[in-house]
Amino acid sequence: METIYEILTELRPEFDFKESKNYIEDGYLDSFDIVNLVSELESKYDILIDALDIVSDNFISADAICTLVEKCGGTV
């Protein structure tokens with residue numbers, strides 16, 4: 001989980017991702033950030049995230065992102 005927070009902080013250092021309950025609603029991540037985040041996750045965890053999984057529900061929290069990574073075969 002800490003690696004997820006590190007990636008998020010590298011993308012948007014101005015936000016404290018541990019404080020937010022919903023990254024999308026709170027404006028922490030937009031569509032461009034999600035594209036960059038997917039690329040970082042794929043690289044870091046050596047996974048491929050299916051385009052059908054790139055929906056906002058999978059990026060609302062660190063837990064949701066961890067679940068997505070694990071679904072795609074990564075180990076968080």
Side-chain angles (χ1 to χ4, degrees):
M1 179 91 68
E2 282 304 311
T3 302
I4 299 294
Y5 285 123
E6 288 172 15
I7 293 169
L8 290 166
T9 301
E10 286 176 20
L11 285 174
R12 300 295 299 266
E14 67 271 26
F15 296 122
D16 183 355
F17 286 91
K18 293 181 180 179
E19 296 297 316
S20 174
K21 300 288 186 222
N22 188 317
Y23 302 155
I24 308 301
E25 284 183 6
D26 292 344
Y28 285 26
L29 296 177
D30 60 23
S31 58
F32 184 72
D33 296 321
I34 290 174
V35 169
N36 288 329
L37 178 56
V38 166
S39 177
E40 290 292 325
L41 293 170
E42 288 179 334
S43 176
K44 181 71 178 178
Y45 292 102
D46 194 30
I47 58 174
L48 182 60
I49 298 174
D50 190 280
L52 296 175
D53 289 323
I54 303 174
V55 294
S56 60
D57 286 350
N58 287 333
F59 299 94
I60 61 170
S61 67
D63 287 334
I65 295 168
C66 286
T67 299
L68 174 63
V69 168
E70 290 169 350
K71 175 185 175 201
C72 296
T75 302
V76 180

Participant: Under the salt bridge (charged side-chain N to carboxylate O under 4.0 Å, His left out) test, which residues partner Asp53, sequence neighbours left out?
Facilitator: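 So Asp53 forms a salt bridge (charged side-chain N to carboxylate O under 4.0 Å, His left out) with Lys71.
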
Participant: Taking CD in Glu70 as the centre, count heavy atoms belonging to other residues, nucleotides or ligands within less than 6.0 Å. Is the count above 12?
Facilitator: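 Enclosed.
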
Participant: Where do Ser20 and Asp26 come nearest, in terms of heavy atoms and distance?
Facilitator: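 Answer, listing the atom of Ser20 first, then Asp26: OG-OD2, 2.6 Å.
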
Participant: Which residue pairs pass the ring-ring contact (aromatic ring centres under 6.0 Å, His included) test when at least one of the two sits in residues 32-65, sequence neighbours left out?
Facilitator: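 The answer is none; no pair qualifies.
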
Participant: Mind checking what makes salt bridge (charged side-chain N to carboxylate O under 4.0 Å, His left out) contact with Lys21, not counting sequence neighbours?
Facilitator: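 Salt bridge (charged side-chain N to carboxylate O under 4.0 Å, His left out) list for Lys21, sorted by chain: empty.
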
Participant: Enter the distance from Asp16:CG to Thr9:OG1 here, rounded to the nearest 0.5 Å.
Facilitator: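 It comes to 7.5 Å.
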
Participant: How about Asp46: does its CG atom have over 12 heavy atoms from other parts shown lying under 6.0 Å from it?
Facilitator: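 Incorrect, the count does not exceed 12.
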
Participant: Would Ile49 and Asn58 count as a side-chain contact (heavy atoms from CB on, under 4.5 Å) if you check the C-alpha gap in whole Å, the side-chain angles of each, and the deciding distance to 0.1 Å?
Facilitator: CA-CA 11 Å; Ile49 298 174; Asn58 287 333; over 6 Å; no

Participant: Applying side-chain contact (heavy atoms from CB on, under 4.5 Å), name anything that partners Ala62, two or more places apart in sequence or on another chain.
Facilitator: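 side-chain contact (heavy atoms from CB on, under 4.5 Å) list for Ala62, sorted by chain: Met1, Ile4, Tyr5, Tyr23.
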
Participant: For the atom pair CD1 (Ile24) and CD1 (Ile60), what is the distance rounded to the nearest 0.5 Å?
Facilitator: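 One finds 8.0 Å between CD1 of Ile24 and CD1 of Ile60.
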
Participant: Could you tell me which residues satisfy salt bridge (charged side-chain N to carboxylate O under 4.0 Å, His left out) with Glu14, sequence neighbours excluded, listed by chain and number?
Facilitator: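 Here the qualifying residues are Arg12.
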
Participant: Any sub-3.5 Å donor-acceptor pair from Asn36's side-chain atoms to Asp33's backbone N or O?
Facilitator: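 No, because the side chain of Asn36 does not come within donor-acceptor range (under 3.5 Å) of the backbone of Asp33.
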
Participant: Answer yes or no: is there a donor N or O on one side and an acceptor on the other, between the side chain of Ser43 and the main chain of Ser39, under 3.5 Å?
Facilitator: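 No, the answer is negative, given that no donor and acceptor are paired below the 3.5 Å cut-off.
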
Participant: According to side-chain contact (heavy atoms from CB on, under 4.5 Å), who are the partners of Lys44, at least two apart in sequence or on a separate chain?
Facilitator: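 For Lys44, the residues satisfying side-chain contact (heavy atoms from CB on, under 4.5 Å) (neighbours in sequence not counted) are Thr3, Ile7.
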
